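So you know, we letter chains A, B, ... as the sequences are listed, proteins then strands, and number each from 1. Given the structure is predicted, the values throughout are model-derived calculations rather than measurements.
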There are 2 protein chains.
Amino acid sequence: MNKREQADPRPRYRQVADELTAQLRAGVWPVGAMLPTETELCATFAVSRHTVREALRLLEESGLVQRRQGSGTTVLALATPDRFVQDITDMAELLQYPQETRLTVLRARTFEADAETAAQIGCGEGEAWVRVEAIRRLRVTTAPLCFTTLLIRAEYAEALDDIGVLPGPLYALIERRYGVQAALIEVDIAASNVPPHQAELLEVEPGTPALLIRRRYLDGQGRVYEISEGAHPAPRFTYRATLKRIPELP
Amino acid sequence: MNKREQADPRPRYRQVADELTAQLRAGVWPVGAMLPTETELCATFAVSRHTVREALRLLEESGLVQRRQGSGTTVLALATPDRFVQDITDMAELLQYPQETRLTVLRARTFEADAETAAQIGCGEGEAWVRVEAIRRLRVTTAPLCFTTLLIRAEYAEALDDIGVLPGPLYALIERRYGVQAALIEVDIAASNVPPHQAELLEVEPGTPALLIRRRYLDGQGRVYEISEGAHPAPRFTYRATLKRIPELP
DNA sequence: TAGTGGTCTAGACCACTGA
DNA sequence: CAGTGGTCTAGACCACTAC
């Protein structure tokens, strides 16, 4: 039993994981049911607890089961669904602006969110926010890249002073100053026309199609603390993402 | 040494991982250098090899180090960079069309890629492909959602017969018939105007802004085998993504 | 061939869950 | 309280890498 006698090149924990995956797929346990305990699985497969735990770790990483100390291992799914991820490692990659861009603030104004604005933002009524309008340009050429509207909680307003002084996107400046980290970023992308009052600033004809990119930044408590909305005239900007498939278990 | 005598609630392997992370950040080892061997780390931290390995697993999952059997553990980075992921679990989520849509094929035609087309597609010159033009509609209402142009390798053309018969996006039909899995999907999103010849079909005025979504599907060998290009008239469709921060180690 | 990380065992105690 | 998964030890052999 010690050596790998059979011609199976897979490690034992992998064999156990594959067997369990197959049994899950076969419907041995329904979703929500409890898997046998680790000790029981040790007996079933005649392996040590360590090996069983390595196998369960694989199942857990695939999202098939959930383990909870004290209560046991529950079935989350019978088979690994198709999964894709977009993995963004670089902050610049997230915003997808070339490094050589500069944001010029046009206006900044504090306001209190009325009912309608609060609903739009997803914040409480009466909260103090700052609205900033700005233009993003390439440093070299003159054509503006986009017209940006930023909304940030008034309590973080001083981070605005760092725009143009320190590099990086606003959310990074806020993190630097206040320690608030974006835990979640919601991105909405839509098409629209360049609004009339922005057309001149963007140096395009009114009615030019534009890519609207709206990002909502949420902190660890799920509270929205920044919203950025950029209007990018049609030919100047393309949003690009690469999605990788997460390989299935077997 | 057995019990957790100090008031440190972290498990030992976590303490070891955090200490190593701090040392990495402090520059004890440069990028590319070898970490001490697991046995050495056991002695340094006075823990068992299992504990060291759990700690190294954490470092590896954070992308700080790389482990290779036989050669050792090398430093990949001194600190975990900001990382965000978009995690797409549902296939429908990937395409973001509501379930109740139907694709109606207007035209389908086989062609050979000339030099220009081959360069655009990213395929070899002279290869046989099929171009399909189609309209996606909600089943209930009448307003078309988008005008779609599909390009697929001619060898997978029979998957087109399943459109409207089997549910799911084309790439899933191809996978079902031929076993080809998308390993990578590249998504480009841009703004444009609805082309004149599509305006009538989409039931919008010519010149209406549209969201162009172009997806390139690559198989495991990095070969493009399908491209879909959808033109979505402005108010009818918004692309939405949610990015989660990957928590740092400490 | 020496040394690395990968796998595996047997056994122990702990922290947490739920009856 | 009994039983679960979480952590940890001591020790072993194996597969792989590099010299």
Student: Under 4.0 Å, counting only non-hydrogen atoms across every strand here, what does B:T39 touch: a base, just sugar-phosphate, or nothing?
Tutor: nothing
Student: In whole angstrom, give the distance that lies between atom CZ of A:R67 and atom P of C:dC16.
Tutor: 17 Å
Student: Starting from P on D:dA10, measure out to CD on B:E38 and report it in whole angstrom.
Tutor: 16 Å
Student: If we only count heavy atoms from C-beta on, is the A:L56 to A:L35 side-chain gap below 4.5 Å?
Tutor: yes
Student: Could you tell me how far apart B:M34 (CE) and C:dT4 (C1') are, to the nearest whole angstrom?
Tutor: 8 Å
Student: Would you say that A:I227 contacts A:I121 through its side chain, given a criterion of any heavy-atom pair below 4.5 Å between the two side chains?
Tutor: yes
Student: Given atom NE2 of A:H50 and atom P of D:dA10, what is their separation to the nearest angstrom?
Tutor: 16 Å
Student: Would you kindly compare B:G70 and A:S71 by the position of their nearest DNA chain C nucleotide and give the one closer to the 5′ end?
Tutor: B:G70
Student: Of all the nucleotides listed (C:dT7, D:dC8, C:dG5), which has the minimum atom distance to the side chain of B:P11?
Tutor: D:dC8
Student: Calculate the interatomic distance between B:R53 atom CZ and D:dA12 atom C1'; express it in whole Å.
Tutor: 14 Å
Student: Confirm from the modelled atom types if A:Q69 and D:dG5 form a donor-acceptor pair under 3.5 Å, side chain to base only.
Tutor: yes
Student: Return the value, rounded to whole Å, for the distance between atom CD of A:Q15 and atom P of C:dT7.
Tutor: 12 Å
Student: For A:R10 and C:dG6, what is the distance between atoms CZ and C1' respectively, to the nearest whole Å?
Tutor: 17 Å
Student: Measure the distance from CZ on B:R49 to C1' on C:dG6 and round it to the nearest whole Å.
Tutor: 7 Å
Student: Taking 4.0 angstrom as the limit, do B:E158 and B:R177 come out as a salt bridge?
Tutor: yes
Student: Quickly, which of B:L160, B:L173, B:V224 forms a side-chain contact (heavy atoms from CB on, under 4.5 Å) with B:I152? Name it, please.
Tutor: B:L160
Student: What's the closest nucleotide to the side chain of A:T51 if the choices are C:dT17, C:dT9, C:dG6?
Tutor: C:dT9
